[in-house]
There are 2 protein chains.
Amino acid sequence: MARAAASKTQTRIQREKTEAILAAALDVFSTYGFRGSTIDQIAKQAGLSKPNLLYYFDSKEAIHSLLLERLLDTWLEPLKKLDPAANDPVKEIIAYVHRKLEMACDYPRESRLFANEILQGAPRIMEQITGPLKDLVDEKAAVIEGWAKQGKIAPVHPYHLIFSIWATTQHYADFDTQVSAILGARSETCFEDACDYLTTMFTKLLRP
Amino acid sequence: MARAAASKTQTRIQREKTEAILAAALDVFSTYGFRGSTIDQIAKQAGLSKPNLLYYFDSKEAIHSLLLERLLDTWLEPLKKLDPAANDPVKEIIAYVHRKLEMACDYPRESRLFANEILQGAPRIMEQITGPLKDLVDEKAAVIEGWAKQGKIAPVHPYHLIFSIWATTQHYADFDTQVSAILGARSETCFEDACDYLTTMFTKLLRP
DNA sequence: GTCTATAAGGTGATAGAC
DNA sequence: GTCTATCACCTTATAGAC
């Protein structure tokens with residue numbers, strides 16, 4: 001892992017610098033992907049020299065790995081919260097859409113970091129996809145299918161429902177450049193409009 | 001631009017090699033993005049030496065530019081076909097969804113090339129976004145809004161409708177790695193299932 | 001802890017023989 | 001047209017002074 005970062009007894013300054021590096025790295029990696037990013041760029045943005053950055057992290061890959069590791073917990077949380085015992089399944093799924101859209105709005109760089117990794121074939125994250133992520137999706141897909149069988153929501157392919165929620169919400173983070181360019185002045189209300197639109201779409205889809 | 005590629009009188013072999021280079025470049029660029037890709041990789045995959053590749057194209061950027069240039073025509077086509085005079089606007093929009101999904105299925109590398117470029121802030125394609133693409137979207141959004149006002153489709157935010165169509169269809173190309181990993185054996189019927197699912201979703205959304 | 005200097009290898013592009 | 005050889009530069013990472 002890292003030299004200083006691995007130490008359990010970090011000073012405040014060490015923690016601050018580690019976080020500054022991670023923040024800068026998130027910026028750079030989320031934009032250019034792993035191979036397209038350079039340590040120089042990250043160091044410069046974090047306000048350190050390159051060797052100094054490499055004092056805190058052993059390698060470029062170590063920074064990237066830590067970012068991805070941290071990301072996945074955050075990433076799975078909204079879906080984890082989907083409650084199988086919910087009274088109103090339609091509302092429960094809509095609430096999930098809202099959580100996911102909020103994440104795209106508040107953490108667009110995290111979304112792009114993930115998108116970049118998947119786009120490149122997920123070489124550094126495949127185990128997490130086929131492991132924890134797939135398990136969670138399988139579990140929640142079964143919940144959704146159960147709701148459908150009970151007639152609490154309209155019959156719907158649970159996996160593609162989840163994919164469509166991911167796609168439509170993350171789109172606003174990953175393709176923000178395009179969305180903003182096309183909306184122009186309308187960009188200002190983009191997220192509220194998106195929230196309204198997606199609420200309507202998924203409500204109409206799911207209402208039994 | 002290119003040396004041999006710029007010549008108007010190419011031999012058959014020259015054309016073939018140019019196309020081989022472009023095919024290999026599409027593979028590599030769509031996976032790693034511009035900065036993450038190397039000429040070496042492209043040359044190797046095309047079956048040429050690096051200097052030989054650079055005999056056909058002046059630079060790495062020249063190849064990338066030509067790919068993007070070619071892409072945009074194909075990319076805009078499905079939306080261009082949306083007919084303002086269509087009898088059944090719901091069907092017309094659903095047909096657009098189908099064309100878009102088919103493109104994601106048949107040309108996933110093109111979709112990922114585009115995604116990579118947007119994700120990186122569209123540095124080499126911004127003019128096309130704010131120009132031809134925005135113009136086309138503005139035009140078609142007006143058509144959709146017209147249909148809504150006439151009561152031919154349900155009232156809906158036209159721009160976010162278009163974004164949601166892009167997001168849901170391109171997702172199957174751009175996030176294919178993730179989709180396949182999660183679906184496992186179900187991947188075999190992925191596109192048929194997606195087609196059914198998206199048809200249902202957008203029909204329910206749009207039916208007046 | 002942070003710096004300068006530098007090693008070691010990769011990368012875009014060119015020169016010149018064939 | 002295609003190759004080998006090579007240049008100039010960039011990038012990751014380390015060594016060692018302070």
Side-chain angles (χ1 to χ4, degrees), chain A residues 1-22 24-29 31-68 116 120 123-124, chain B residues 1-22 24-29 31-68 116 120 123-124:
Chain A
M1 259 221 64
R3 272 172 286 241
S7 162
K8 308 250 174 181
T9 55
Q10 281 186 34
T11 68
R12 186 180 56 83
I13 286 183
Q14 280 173 335
R15 263 194 306 273
E16 278 174 11
K17 294 222 169 175
T18 304
E19 289 309 316
I21 292 167
L22 286 170
L26 178 59
D27 242 41
V28 177
F29 281 138
T31 304
Y32 298 106
F34 181 75
R35 288 178 48 171
S37 302
T38 71
I39 291 185
D40 243 346
Q41 246 181 312
I42 298 168
K44 204 170 186 178
Q45 196 159 328
L48 298 90
S49 66
K50 188 162 49 171
N52 197 4
L53 181 150
L54 287 164
Y55 167 80
Y56 287 96
F57 288 91
D58 271 354
S59 67
K60 180 181 172 181
E61 193 142 4
I63 309 174
H64 194 254
S65 294
L66 187 55
L67 279 177
L68 280 181
N116 250 312
Q120 299 183 14
R124 283 166 287 271
Chain B
M1 260 222 66
R3 274 172 283 242
S7 161
K8 308 251 173 178
T9 56
Q10 281 185 37
T11 66
R12 185 179 56 84
I13 286 182
Q14 280 174 332
R15 262 195 306 273
E16 278 174 11
K17 295 221 168 175
T18 305
E19 290 308 315
I21 292 167
L22 286 170
L26 178 58
D27 243 41
V28 176
F29 281 137
T31 303
Y32 298 106
F34 181 75
R35 288 179 47 170
S37 303
T38 69
I39 293 185
D40 245 346
Q41 243 182 314
I42 298 168
K44 205 171 186 177
Q45 195 158 329
L48 298 88
S49 65
K50 188 163 53 169
N52 196 4
L53 180 150
L54 287 164
Y55 167 78
Y56 287 96
F57 288 91
D58 272 354
S59 68
K60 181 181 171 181
E61 193 142 2
I63 309 174
H64 194 254
S65 294
L66 189 54
L67 279 177
L68 280 182
N116 250 311
Q120 299 183 14
R124 283 167 288 271

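Chain letters run A, B, ... following the sequence lines, proteins first and then strands; every chain starts at 1.
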Rounded distance (Å) that lies between atom C1' of C:dT14 and atom OH of B:Y55
15 Å
Backbone N or O of A:S37 within a donor-acceptor pair of the A:K60 side chain at under 3.5 Å?
yes
Which nucleotide, C:dT2, D:dT12, C:dT14, lies nearest any side-chain atom of A:K60?
D:dT12
To the nearest angstrom, how far is B:D58 atom CG from C:dA13 atom P?
9 Å
Sorted by position of nearest nucleotide on DNA chain D, 5' first, the leading residue of B:I13 and B:R35 is B:I13
Whole-Å distance separating the CG atom of A:D40 from the P atom of D:dC9:
16 Å
Rounded to the nearest Å, what distance is computed from the CD1 atom of residue A:I42 to the P atom of nucleotide D:dC10?
18 Å
Is the shortest side-chain heavy-atom distance between A:F57 and A:T18 below 4.5 Å?
yes
Among D:dT12, C:dA13, C:dG12, the nucleotide that comes nearest once only the side chain of B:S59 is considered
C:dA13
Base, sugar-phosphate, or nothing for B:K50, non-hydrogen atoms under 4.0 angstrom?
base
Output the rounded distance in Å from CG (B:N52) to P (C:dA15).
16 Å
Could you walk me through whether A:L48 and A:Y55 satisfy the side chain to side chain contact (heavy atoms under 4.5 Å, CB included) test, starting with their C-alpha distance in whole Å, then the side-chain angles of each, then the deciding distance to 0.1 Å, before giving a yes or no?
CA-CA 10 Å; A:L48 298 90; A:Y55 167 80; over 6 Å; no
If you compare all heavy atoms of A:E61 against all heavy atoms of A:F34, which two are closest, and at what distance to 0.1 Å?
CA-CE1, 3.8 Å
Hey, does the side chain of B:S49 come within less than 4.0 Å of D:dT2's phosphate (OP1/OP2), counting only N and O?
no
A:K44 NZ - D:dC10 C1' separation (whole Å):
14 Å
With the side chain of B:I39 defined as its heavy atoms from C-beta on, choose the nearest nucleotide among D:dT11, D:dA13, C:dG12.
C:dG12
Quickly work out the B:L54 CG to D:dT2 P distance and round it to whole Å.
13 Å
B:R12 bridged to B:E16 by N-O distance under 4.0 Å
yes
Give the rounded distance in Å between these two atoms: CG of A:L53 and C1' of C:dC3.
14 Å
